[in-house]
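As structure tokens, the structure follows; a few thoughts come after it.
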Amino acid sequence: MQHDATPQKSTLARLAREERLLPVSLFAAAAFYAYGDTFSAWLSHPVGLALVFAALFAVILGAVLSVVRHADELADRLGEPFGTLILTLTITTIEVVAISSVMFHGDNNPTLVRDTLFAVIMIILNGMVGLSLLLGAWRRPEQRHNLQGANAYLGLIVPLATLSLVLPEFQPAAYGPAISSLHQTVLVFMSLVLYGTFLLLQTGRHRVYFTQRHGSEDHGPQHAPSGHPVAVHVILLFAYMAPVVYLVEHLASPIDYLIETIRAPAALGGVIMAVLVATPEAISAVRAAIADRLQRAVNIFLGSVLSTIGLTVPVMLAISHLTGHTITLGLGRSEMVMLILTLAVSMITFASGRTNLMQGSVHLTLFITYLLLILEG
């Protein structure tokens, strides 16, 4: 019996070391539950504001990274595209909770959903894609991916992004960028139906579109398997999600203070939300590209954009209708140009099934341009 207990103790000890961030996340959630009012009072002082924001952002980001780590393990166990679906749907849930928390805190911020969606698209399709392609092509002339899968993603991303973020700006003046009820209903229905159809095809008859068929990626798991049962990773994934959902509500206070009191650019709230939800996926995509698993990277960053538009938009529109909070989706002129340019360049980048160093450089240039627009705003 003692001989059998030793490996079990060793496994539990290793699991405790790997998940040491979980008690930190739970402790932070308990601290804000007990002393939330005290921490809120610190926001009126620059140092206190910086400390509260940095602590919350670091803990939430660490917990989200742990969620992604367990999603990656499940991805290796379940295979593509189911693993990537777990990752993107989990991040979308965090995104909806984060946006809702900030939107309902303090004064109504009708452009938060729009700013977050636009920031996610810019960060992923320009920053994440550019960095992944650049680092992935550093040691090899070019990388390959499944052209049919990329076309399937972009075939939905382009129309959904245009209908959600561009068309509202060209509605009759009576509605403006805060789209009409009929437009909202059609957009919600269309987004959910198209995304649901896409999932059926991705996990069914066209599953091969989202796997690499050239053999360059079939090198086994992206990282060494943990050895823990699948159930353990599922439980831990939800265990990390719980403090994230709670702490992100408190992150709304410093963000709201920055925008409303310090008069920071209104788009800053969307950028912070986008960085929070896009960073873990960016890390996974970059790692996959460096390991010459470009198809895995393509599934992550295009799947992330599609789930953000196809799921976050209808959910937030539904929440807006139920709560009476107005949502403005139409982009301004400069943002609209950047969106159209990004979508056009993305279609060119993934049109051949091969990527190289130049394409990564172009996407990073567009990302730098996006950052300059924020600073000027």
Side-chain angles (χ1 to χ4, degrees), residues 68 71 80-81 84-96 98-99 113-133 145-146 149-166 187 190-192 194-199 202 209-210 270-271 273-286 288-289 294-316 329 331 335-336 338-351 355 359-360 363-364 366-367 370:
V68 173
E80 294 292 354
T84 301
L85 287 177
I86 293 173
L87 175 62
T88 55
L89 294 178
T90 301
I91 295 299
T92 300
T93 302
I94 297 174
E95 184 177 20
V96 169
I99 296 175
V113 176
R114 178 199 70 185
D115 294 336
T116 303
L117 293 177
F118 181 59
V120 167
I121 294 173
M122 292 296 104
I123 291 173
I124 293 178
L125 287 187
N126 287 329
M128 183 193 301
V129 170
L131 188 61
S132 297
L133 299 186
H145 63 87
N146 194 323
N151 285 340
Y153 281 119
L154 291 172
L156 287 183
I157 290 174
V158 172
L160 289 179
T162 303
L163 294 175
S164 300
L165 299 175
V166 177
L187 186 58
M190 181 183 59
S191 299
L192 293 178
L194 287 178
Y195 192 78
T197 304
F198 175 83
L199 289 184
Q202 186 185 30
Y209 288 1
F210 307 94
V271 173
M273 293 294 100
V275 170
L276 187 64
V277 299
T279 296
E281 293 178 312
I283 294 174
S284 296
V286 170
L294 186 60
Q295 186 60 46
R296 165 73 168 155
V298 169
N299 288 345
I300 290 175
F301 43 64
L302 293 185
S304 300
V305 173
L306 179 58
S307 64
T308 295
I309 302 174
L311 294 180
T312 303
V313 169
V315 170
M316 294 311 303
L329 288 179
L331 293 171
E335 291 84 2
M336 197 179 301
M338 285 298 302
L339 175 64
I340 295 174
L341 180 60
T342 297
L343 294 177
V345 171
S346 297
M347 288 189 290
I348 296 172
T349 295
F350 299 107
T355 61
Q359 293 164 323
H363 282 274
L364 283 180
L366 293 180
F367 182 65
Y370 164 69

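Note that CG of L302 is 11.0 Å distant from CG of L156, once rounded to the nearest 0.5 Å. Rounding to the nearest 0.5 Å places OH of Y370 at 12.0 Å from CG of L125. The CE atom of M338 sits 5.0 Å away from atom CG of L366, with the distance rounded to the nearest 0.5 Å. Here the straight-line distance linking atom CG of L187 with atom CG of L160 works out to 7.5 Å at 0.5 Å rounding. The CG atom of L117 sits 10.0 Å away from atom CZ of R114, with the distance rounded to the nearest 0.5 Å. How far OG1 of T162 is from CD1 of I157: 11.0 Å, rounded to the nearest 0.5 Å.
A distance-only check finds a donor-acceptor pair linking the side chain of S307 to the backbone of S304 [under 3.5 Å].
Here the closest heavy-atom approach between residue M128 and residue A285 is recorded as SD-CB, 3.8 Å. Residues G127 and L364 come closest through the heavy atom pair O-CD2, 3.8 Å. V313 and S164 make their closest contact through CG1-OG, 4.1 Å (heavy atoms, listed as atom of the first residue, atom of the second, distance). Residues L339 and A161 share a closest heavy-atom pair of CD2-O, 4.2 Å. Minimum heavy-atom separation, A288 to A297: CB-N, 3.9 Å. Here the closest non-hydrogen pair linking N126 and T342 is ND2-OG1, 3.0 Å.
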Inset, instruction - Please assess F367 against V129 for the test side-chain contact (heavy atoms from CB on, under 4.5 Å), listing each intermediate value before the final yes or no. - result: CA-CA 10 Å; F367 182 65; V129 170; over 6 Å; no
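With a 4.5 Å cut-off on side-chain heavy atoms, M190 and P314 do not count as touching. Using a 4.5 Å cut-off on side-chain heavy atoms (C-beta onward), L133 and L294 make contact. With a 4.5 Å cut-off on side-chain heavy atoms, I121 and I309 count as touching.
Aromatic ring pairs are classed by plane angle as parallel below 30°, tilted from 30° to 60° and perpendicular above 60°; the pair H145 and F350 is perpendicular.
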